[in-house]
Structures are given as structure tokens and as C-alpha cells.
Amino acid sequence: MKKTILICAVMVALAAMTITSCISWKKMTLSDEAFCKTPIVRAEIIFRIDSANYIIGWTDPEPYDFQPFVDYLCHCRVRQVPISIAPSTFLVKVKLYDSNNNEYNLVFTTNGYLIGIEGRIYEFSAEDACEIKKLLEQAKQ
């Protein structure tokens with residue numbers, strides 16, 4: 001069963017890579033996203049809990065020092081990708097709240113290169129993915 005799931009996951013990843021390599025996207029910044037245009041007053045971060053290659057669940061939401069993260073995220077360059085990603089690939093969830101208590105949900109994949117924002121998927125450069133992973137990892141400490 002595990003082998004079948006692994007083979008299916010690899011096939012989906014290969015298909016996604018083939019599709020993404022054939023299409024070029026315009027680079028953009030996330031500065032036009034709602035959470036970049038409004039002051040964020042608080043944030044919560046949730047980490048996935050894994051054990052022996054199984055997803056057990058998620059940690060309780062923890063307060064998060066969001067300002068360095070939001071500042072960096074809103075100014076890095078991304079490209080929108082026309083793929084969907086399975087929830088099982090999410091490693092971290094970040095919830096941002098503005099002064100009107102509007103919630104902005106962001107999810108990050110295990111490889112750190114993709115972010116999901118309200119149903120849209122964006123890809124980071126390798127350098128930005130590395131920096132964002134560092135900013136997210138700081139919340140674990």
C-alpha cells in the first residue's frame with residue numbers, strides 16, 4: 001500500500017514538473033496581496049507533526065513574530081503556478097490577522113518552494129525559499 005502511494009506521489013510530482021517546465025510565468029511580487037496592503041496585528045503558526053512517514057496531526061496554533069516574515073514575503077519575487085497541491089504536502093500553516101480580524105491563510109509545502117494563499121499557488125526562487133524557511137524555523141525555537 002505504501003509503495004503504491006509513493007509511486008502515485010512520484011508520478012504526480014513528475015507530471016507537475018513536466019507541466020511547469022513547459023510553461024513560463026511572469027515574475028511578480030506578493031505586494032498586491034491583501035495581507036501586504038493592510039497592517040497585520042497578529043499571527044499564528046501551526047506545524048505538521050509526522051511520525052514514521054505518517055502525518056499524525058498539527059500542533060496547536062502558536063503566536064508568531066510575524067513582522068520580519070511578512071516584510072520579507074511581501075517583497076520577494078514569485079511566479080504563480082497553475083497547479084494544485086495536496087494538503088499532505090503542507091508543512092507549515094501561517095494565519096495572519098489584520099486590525100479588523102480578517103484572517104489570511106498561508107500554507108507552505110515541505111520543499112519550501114511553494115506557498116498557497118487563498119487557493120492560489122506561488123513558487124519562490126531558491127534563495128527566497130531558503131530565507132523564508134529560516135524565518136519559519138525561527139518560530140520553532
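Everything numeric here is computed off the predicted structure, so don't read it as measured data.
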Nearest 0.5 Å, please: how far is [atom2] in [Y] from [atom1] in [X]?
X	Y	atom1	atom2	result
Cys74	Asp32	SG	CG	9.5 Å
Leu114	Ile121	CG	CD1	7.0 Å
Phe69	Ile40	CZ	CD1	10.5 Å
Ile45	Lys95	CD1	NZ	12.5 Å
Glu127	Ile132	CD	CD1	11.5 Å
Ile115	Arg120	CD1	CZ	10.0 Å

For a quick test of reading the model, state the closest non-hydrogen atom pair linking Phe124 to Ala129 and the distance between them.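 Scanning both residues completely, I find the closest heavy atoms to be CB-N, 3.9 Å.
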
Looking only at heavy atoms, which two atoms of Cys36 and Ser31 are closest? And how far apart?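 Closest heavy-atom pair between Cys36 and Ser31: CB-O, 3.5 Å.
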
Linking I/L/V/M/F/W/Y whenever any side-chain heavy atoms sit under 4.5 Å apart, do Ile117 and Tyr97 land together?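 In one cluster with Ile117: Tyr97, no.
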
Are Leu96 and Val41 connected, step by step, through hydrophobic side chains (Ile, Leu, Val, Met, Phe, Trp, Tyr) whose heavy atoms are closer than 4.5 Å? no

Among residues at least two apart in sequence or on other chains, which ones pass ring pair (Phe, Tyr, Trp, His ring centres under 6.0 Å) with Phe35?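 Residues passing ring pair (Phe, Tyr, Trp, His ring centres under 6.0 Å) with Phe35: none at all.
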
Side-chain donor or acceptor of Asp98 paired with backbone N/O of Asn100 under 3.5 Å: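 Yes, the answer is positive, given that a donor and an acceptor are paired below the 3.5 Å cut-off.
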
Please name all residues satisfying salt bridge (charged side-chain N to carboxylate O under 4.0 Å, His left out) with Glu44, sequence neighbours left out, ordered by chain then number. Arg42

Run the numbers on Val78 and Asp128 for side-chain contact (heavy atoms from CB on, under 4.5 Å), then give the verdict. CA-CA 9 Å; Val78 297; Asp128 285 337; 6.0 Å; no

Centroid-to-centroid, Phe66 to Tyr104, below 6.0 Å? no

Should Lys134 and Tyr72 be marked as a side-chain contact (heavy atoms from CB on, under 4.5 Å) after you check the CA-CA gap, both sets of side-chain angles, and the distance that decides it? CA-CA 11 Å; Lys134 286 180 194 174; Tyr72 190 86; over 6 Å; no

Does Leu106 form a side-chain contact (heavy atoms from CB on, under 4.5 Å) with Leu73? I'd like the steps, not just the answer. CA-CA 11 Å; Leu106 297 88; Leu73 185 64; 3.4 Å; yes

